[in-house]
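Some notes on the structure that comes next.
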Amino acid sequence: MAVKDAGRAARSANRASAREPERQADPAELIQLLTPEGERVEHPDYSLEISADEVKALYRDLVIVRRIDFEAIALQRQGELGIWASLLGQEAAQVGAGRALGARDMAFPTYREHGVAWCRGLDPMKLLELFRGVSHGGWDPTAHNFHLYTIVIGSQTLHATGYAMGIQRDGAVGEGGEAVIAFFGDGATSQGDVNEAFIWASVSNAPIVFFCQNNQWAISEPLERQSRTPLYMRAQGFGFPGVRVDGNDVLACLAVTRKALQAARDGQGPTLIEAFTYRMGAHTTTDDPTRYRLSAELEAWKLKDPIERVKQYLIRTEQAEMSFFDEVDAEAAAVGSRIRAGCQRMPDPTPDSMFDNVLTSETPQLAAERAEFAAYLDSFLAEEGAR
Amino acid sequence: MAVKDAGRAARSANRASAREPERQADPAELIQLLTPEGERVEHPDYSLEISADEVKALYRDLVIVRRIDFEAIALQRQGELGIWASLLGQEAAQVGAGRALGARDMAFPTYREHGVAWCRGLDPMKLLELFRGVSHGGWDPTAHNFHLYTIVIGSQTLHATGYAMGIQRDGAVGEGGEAVIAFFGDGATSQGDVNEAFIWASVSNAPIVFFCQNNQWAISEPLERQSRTPLYMRAQGFGFPGVRVDGNDVLACLAVTRKALQAARDGQGPTLIEAFTYRMGAHTTTDDPTRYRLSAELEAWKLKDPIERVKQYLIRTEQAEMSFFDEVDAEAAAVGSRIRAGCQRMPDPTPDSMFDNVLTSETPQLAAERAEFAAYLDSFLAEEGAR
Amino acid sequence: MTTLTLSKALNEGLRKALENDPKALIMGEDVGKLGGVFRVTDGLQKDFGEARVIDTPLAESGIIGTAIGLALRGYRPICEIQFDGFVFPAFDQIVTQLAKMRYRSLGTVRLPVTIRIPFGGGIGAVEHHSESPEALFAHTPGLRVVSCGDPADAYTMIQQAAACDDPVMFFEPKRRYWDKAEVDTDSGLAGALPMDSARVLVPGTDVTVLCYGPMVRTCAEAAVAASGDGKSLEVIDLRSLAPLDTETIFASVRKTGRCVVVHEAVVTGGIGAEIAAQVTQECFYSLEAPVLRVGAYTTPYPPSRLEDHYLPDLDRILDAVDRTFAY
Amino acid sequence: MTTLTLSKALNEGLRKALENDPKALIMGEDVGKLGGVFRVTDGLQKDFGEARVIDTPLAESGIIGTAIGLALRGYRPICEIQFDGFVFPAFDQIVTQLAKMRYRSLGTVRLPVTIRIPFGGGIGAVEHHSESPEALFAHTPGLRVVSCGDPADAYTMIQQAAACDDPVMFFEPKRRYWDKAEVDTDSGLAGALPMDSARVLVPGTDVTVLCYGPMVRTCAEAAVAASGDGKSLEVIDLRSLAPLDTETIFASVRKTGRCVVVHEAVVTGGIGAEIAAQVTQECFYSLEAPVLRVGAYTTPYPPSRLEDHYLPDLDRILDAVDRTFAY
Ligand SMILES: Cc1ncc(C[n+]2csc(CCOP(=O)(O)OP(=O)(O)O)c2C)c(N)n1
Ligand SMILES: Cc1ncc(C[n+]2csc(CCOP(=O)(O)OP(=O)(O)O)c2C)c(N)n1
Ligand SMILES: [Mg+2]
Ligand SMILES: [Mg+2]
């Protein structure tokens with residue numbers, strides 16, 4: 001009874017909050033340069049001069065990162081990986097943003113930016129190490145100007161902002177300047193840290209681009225749980241521009257990110273980019289989306305596939321032979337088998353290594369624990385020896 | 001040398017961020033019903049029907065709360081209080097908002113809302129207890145629908161939002177509904193919690209008014225440290241309305257807060273009100289503003305004094321005799337001497353009371369500590385007895 | 001009596017809590033349609049509605065902060081933190097607000113807020129999904145900190161936590177979610193062992209072994225193994241970490257004269273330290289050996305391929321037991 | 001040699017740090033023109049500019065999060081948390097990011113970030129301004145946790161912290177900011193006692209008294225008082241809480257056979273618990289009495305009018321010393 005009442009109150013509460021869920025991007029506000037059908041369209045603010053070879057290079061990236069993702073999912077199924085966070089559907093957003101970056105720009109990813117990792121030149125094996133449980137990442141962020149994956153939602157946006165403040169202090173803003181890009185999801189926008197990053201960046205006018213991949217879902221939570229306005233609008237309130245781009249359009253993502261990065265390098269401060277896309281797969285390999293979303297939604301998005309439209313464009317405009325697509329597929333397959341083989345061969349770290357790199361110098365206490373552990377392990381070998 | 005470089009980089013960085021500091025409210029966006037000169041002006045969206053008696057009642061509140069503040073500062077100087085956070089200059093914002101509240105509405109203050117406390121009917125002695133170090137507040141929030149003071153910046157905004165979600169679940173939105181008001185400062189807007197409160201409130205369309213007293217300073221930090229846009233604009237990005245009101249205009253604060261509260265009660269969700277005002281005193285009695293701001297600024301704001309303009313208005317419109325002002329002064333003086341006397345008489349809590357109210361039932365461990373402490377105290381009495 | 005997994009037992013306990021008190025709420029990330037990543041809230045939103053089983057935005061400080069507000073309005077929120085490693089954004093609200101508000105209000109405010117946290121490792125997860133932060137909360141006056149070790153306790157203790165008028169940090173042994181056992185879902189809370197009492201799980205005479213959460217089963221197995229080589233372990237499931245049921249602990253140690261504390265958390269500054277200090281002070285003359293602690297090394301949680309080396313296991317517990325006899 | 005207050009000694013130490021390394025930065029709320037609420041950064045922004053002494057927005061998570069980013073860019077931020085009770089909004093960034101990033105990166109990343117925290121009570125402040133949260137950080141691998149007890153150490157240790165390539169939680173004894181002493185500002189760090197070494201402040205033979213931060217002076221005074229009734233206390237300033245200088249601690253306890261740990265923090269789960277556990281294990285046969293702990297009771301910090309009852313003082317320390325002789 002009382003339960004019922006609460007239920008009723010609830011429904012009314014929900015009614016009250018039932019503003020039209022903002023899920024479909026209003027075309028007017030969605031920046032697009034390549035339609036789902038593969039037609040090239042112009043945008044007043046975002047012209048893009050791009051050669052056939054450049055488009056083909058992007059296509060190659062898209063196909064390869066999808067293949068890496070595909071292989072990783074298979075490896076997880078076979079028990080070679082503990083878990084995998086698929087980027088399926090977000091290839092264009094990641095390749096577009098990734099290829100917009102200059103060598104000296106710095107990228108701060110979440111745990112899903114495999115496509116950006118590829119563009120930065122990080123060996124996919126490094127990603128597999130993490131998801132296999134062999135390391136927590138363990139690559140050198142300075143090697144490819146690609147920071148470690150960050151799993152705690154939103155934390156990296158503050159690291160990115162601080163890094164950008166460092167660029168200012170190095171006097172590396174303006175002519176030949178450097179910029180930072182911070183990746184995060186739609187769900188992350190609810191975290192205090194992300195909002196604090198917006199504030200720090202705007203107040204210090206830091207050279208940073210906030211790249212939000214709005215893939216419509218935070219695990220099982222639809223965007224309405226995080227916001228009742230389009231996410232790109234958040235930026236205005238903090239005093240810097242926000243734009244929404246078709247996240248399945250690699251050309252638009254490239255153009256919009258390039259422009260925002262250049263503005264940052266020139267000292268014009270931060271930009272928020274909302275890449276409107278869709279998580280076509282499960283949140284991770286342990287997730288079951290059938291519990292919370294309809295397959296119809298997926299079907300609708302399949303028509304906006306980020307790769308197919310580029311292929312159609314290249315074919316329609318006769319910028320690529322069929323052989324090109326076969327070559328790319330073959331290359332992707334090669335990358336796939338390389339990482340599959342590499343993953344199966346990947347050794348576990350030595351037990352003793354778990355004591356490494358806690359601090360720059362090992363404390364006596366930790367040294368003692370390390371020794372104790374070694375002795376303990378030996379005791380078993382001894383036992384076995386005894387047998 | 002390297003230091004110099006950094007310095008130079010810094011200045012360029014600072015130059016980069018030197019957007020015009022947004023300190024003077026653009027009159028266009030500042031809602032005002034009573035000018036600093038005491039002239040009644042109309043505003044298209046905020047009409048206010050108010051009787052002479054009602055204005056006089058507001059005047060009385062303003063004078064009394066300033067007097068309470070004045071006494072408290074004196075008591076701190078005399079060592080009767082450990083510290084005091086003065087509301088000098090913010091009386092209109094607090095009385096306007098405080099008097100807009102209905103009996104069933106709930107208020108969540110910071111540590112400076114002495115004026116709101118007065119409007120809610122909380123005995124000022126309770127506030128003195130806190131600043132004297134006799135309690136951490138200790139009043140019953142339900143007695144006057146006025147929550148405890150919260151010192152950790154921003155925390156209370158989430159409590160207020162949750163409380164508002166409770167109102168929704170009680171079905172107390174709509175006809176004869178209830179609302180919540182959360183107070184916080186300009187500095188608080190940088191805290192993650194405040195931004196999360198904005199998100200929760202908008203997503204759940206909670207019946208809440210966010211009342212930000214922008215007194216231009218967060219201790220020594222001017223508003224530019226927290227934002228490069230007017231604070232009321234933050235709301236738009238989160239999907240609810242934000243308005244800026246002349247925080248030294250009690251009529252405007254009353255009208256704007258009333259309207260926002262009514263919208264909340266009616267189920268129209270949250271509103272952010274930025275009350276543009278000025279902290280005329282030190283941050284607290286331990287602060288020394290001369291270290292970080294010019295007295296000229298204070299002089300300029302004195303011309304906008306929240307009390308004087310009401311007095312001028314009452315006189316000019318002949319709504320009050322001179323005797324009225326004398327009566328109010330006398331009443332304020334009486335309140336002043338009552339709290340002065342009460343404060344000096346205020347006993348310390350019993351030592352044993354520090355063990356009370358940790359949990360709803362005392363754990364054996366705490367009971368043991370309490371006993372141990374008692375025995376320890378007795379040992380001294382014993383010693384003294386022995387002498 | 002029905003056979004339930006620990007996670008299903010929690011689910012049934014939560015259902016009872018929602019049935020018994022219309023003010024009880026569940027809130028967290030993905031607790032609705034998904035039923036939580038471990039399915040602990042499975043089906044509850046369907047049956048009790050979105051107003052009582054609340055899918056929140058993705059921010060832990062917001063979850064706890066609004067839960068406090070709901071409690072001030074008379075509700076009894078049961079919050080889920082999705083994984084141990086994600087409680088930290090909420091740390092400020094828990095430590096400075098939730099734990100202190102009753103004290104601050106001189107007892108006029110009650111905050112019946114339960115915070116459920118799946119904790120501990122052993123499931124091969126990535127970073128931040130295998131932490132054991134319980135000691136941080138046990139060092140914070142104003143909070144109750146408990147942990148269940150088996151399905152039966154899971155079923156009762158979650159209901160006791162929900163019914164408690166104090167804030168309760170409720171630590172669920174993640175890797176035991178799939179453990180099955182008989183649970184009596186008909187019996188009410190009336191006769192149940194209080195949430196803050198420890199339980200002697202395996203009576204014994206030679207060494208007292210103290211544990212909680214995921215280590216309870218491991219220690220019970222250690223007792224069996226030890227009895228093989230003629231050592232009698234008394235295994236005590238602490239259940240409550242704040243307050244500690246010192247009466248039960250001291251009684252056992254006075255009897256056995258030896259004590260080993262086992263937890264997954266880092267040994268340095270962990271619950272075991274507090275227990276060792278108190279046991280030594282109260283049972284000084286009974287102790288044949290110092291209290292030994294078995295737990296994680298003083299490093300961050302390692303990559304999962306190494307977690308079996310990092311976490312206490314049967315062998316390391318028996319090793320510690322042997323060492324107590326070396327004194 | 002010049003006579004400096006502890007707060008001025010920190011100020012001079014910070015100045016040296018900024019002079020010696022162009023990458024060193026100071027950041028926090030009100031650290032600029034105001035010089036911090038305790039004036040520890042007084043005059044530094046004037047002399048080093050706004051780029052190196054950074055007035056931040058009002059958000060602690062933002063301060064530490066951006067400091068991490070600045071460190072990744074090669075800077076060495078020294079952050080100020082205005083009061084102990086306000087470190088909690090930054091807890092997530094400290095515990096999940098700052099403490100773990102070196103480990104996560106297999107050593108490729110260094111995060112030389114120092115976090116200064118005025119801590120402890122005794123100044124008659126309102127709630128949240130008198131906390132002692134150090135144990136929470138000492139339980140977190142990947143952080144160094146230190147505290148200075150006098151102006152000389154304040155001057156050297158803050159420079160050592162700034163020069164350290166690891167994250168350092170630097171706890172400053174708030175109520176001792178105004179204590180004066182001779183400080184040798186000419187001597188460099190070369191010959192200085194390492195930051196992670198304890199110091200035998202008062203040599204003695206009967207009881208080892210361990211302390212840090214604000215309790216150092218109190219314990220030294222207790223030693224004088226005790227010598228009056230013929231008891232010789234050996235007072236050790238721990239200085240480093242993570243790691244602990246156990247060598248110095250154990251050597252002293254093996255000599256005296258008795259040990260009392262003193263801190264302002266809540267005894268339950270405090271640093272004293274870890275020390276008691278380790279000392280008992282390592283000095284089991286030397287101990288005449290259990291390690292006793294003197295600290296705050298298991299309640300939130302009370303209103304300041306009661307803090308003198310809540311905090312350890314000379315009498316309670318002597319009382320504990322007497323009790324160790326009762327065994
Ligand atoms: C602080 C924190 N809370 C909870 C989680 C658990 N979690 C992992 S991913 C995720 C959803 C993130 O959604 P979104 O930001 O949209 O990114 P996406 O996964 O869609 O790319 C959650 C809740 C976490 N990793 N960190
Ligand atoms: C989380 C936290 N950090 C720091 C402080 C210290 N502090 C107290 S008041 C204050 C400034 C607050 O400024 P604002 O929000 O503008 O409110 P005002 O004092 O101006 O009314 C600061 C930094 C605090 N109380 N809480
Ligand atoms: Mg998402
Ligand atoms: Mg202010």
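To find a chain, count down the sequence lines: A is the first, B the second, and so on, and within it residues start at 1.
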Go through [options] and name the one with the most non-hydrogen pairs under 4.5 angstrom from chain B.
options: C/Leu244, C/Thr246, C/Thr108; answer: C/Thr108
options: C/Cys164, C/Gly107, C/Ser61, C/Gly62; answer: C/Gly62
options: C/Val109, C/Asp165, C/Leu72, C/Thr56; answer: C/Leu72
options: C/Ala242, C/Gly142, C/Ala59; answer: C/Ala59

In terms of relative ring orientation, are C/Phe86 and C/Phe83 parallel, tilted or perpendicular, with 30° and 60° separating the classes?
perpendicular

Angle class for the B/His159/B/His147 ring planes (parallel below 30°, perpendicular above 60°, tilted otherwise)?
perpendicular

Would you mind checking which part of [X] comes under 4.5 Å of any heavy atom in chain B, side chain (CB onward), backbone (N, CA, C, O), both or neither?
X: C/Ile54; result: side chain
X: C/Thr96; result: side chain
X: C/Gln278; result: side chain
X: C/Ala67; result: neither
X: C/Asp196; result: neither
X: C/Lys23; result: side chain
X: C/Ile63; result: both

Among [options], single out the residue with the greatest number of heavy-atom pairs under 4.5 Å to chain C.
options: B/Ile199, B/Leu359, B/Asp140; answer: B/Leu359
options: B/Trp200, B/Tyr163, B/Tyr149; answer: B/Trp200
options: B/Thr157, B/Val358, B/Thr142; answer: B/Val358

Sole residue of C/Ile236, C/Val253, C/Ile249 in side-chain contact (heavy atoms from CB on, under 4.5 Å) with C/Cys259:
C/Val253

Heavy-atom cut-off 4.5 Å, strictly under: side chain, backbone, both or neither for [X] against chain C?
X: B/Met106; value: neither
X: B/Ala172; value: side chain
X: B/Thr150; value: side chain
X: B/Leu148; value: side chain
X: B/Glu178; value: side chain
X: B/Ile167; value: both
X: B/Asp356; value: backbone

Assess whether a salt bridge exists between B/Asp170 and C/Arg73, defined as any Lys/Arg side-chain N lying under 4.0 Å from an Asp/Glu carboxylate O.
yes

Any salt bridge between B/Arg132 and B/Glu129, counting N to O under 4.0 Å?
no

Side-chain H-bond candidate by donor/acceptor type, B/Thr360 with C/Asp166, under 3.5 Å
yes

[X] and [Y]: aromatic ring centres closer than 6.0 Å?
X: C/Phe91; Y: C/Phe137; value: yes
X: B/Phe108; Y: B/Phe183; value: no
X: B/Trp84; Y: B/His114; value: yes

For the OG atom of C/Ser240 and the CZ atom of C/Arg199, what is their distance to the nearest 0.5 Å?
13.0 Å

I need the B/Gln191 CD to B/Leu158 CG distance, nearest 0.5 Å.
10.5 Å

Evaluate the side-chain proximity of B/Glu362 to B/Arg370: yes if any heavy-atom separation is below 4.5 Å, no if none is.
yes

So which heavy atom on C/Pro141 is nearest to which on C/Ala99, and how close?
O-CB, 3.6 Å

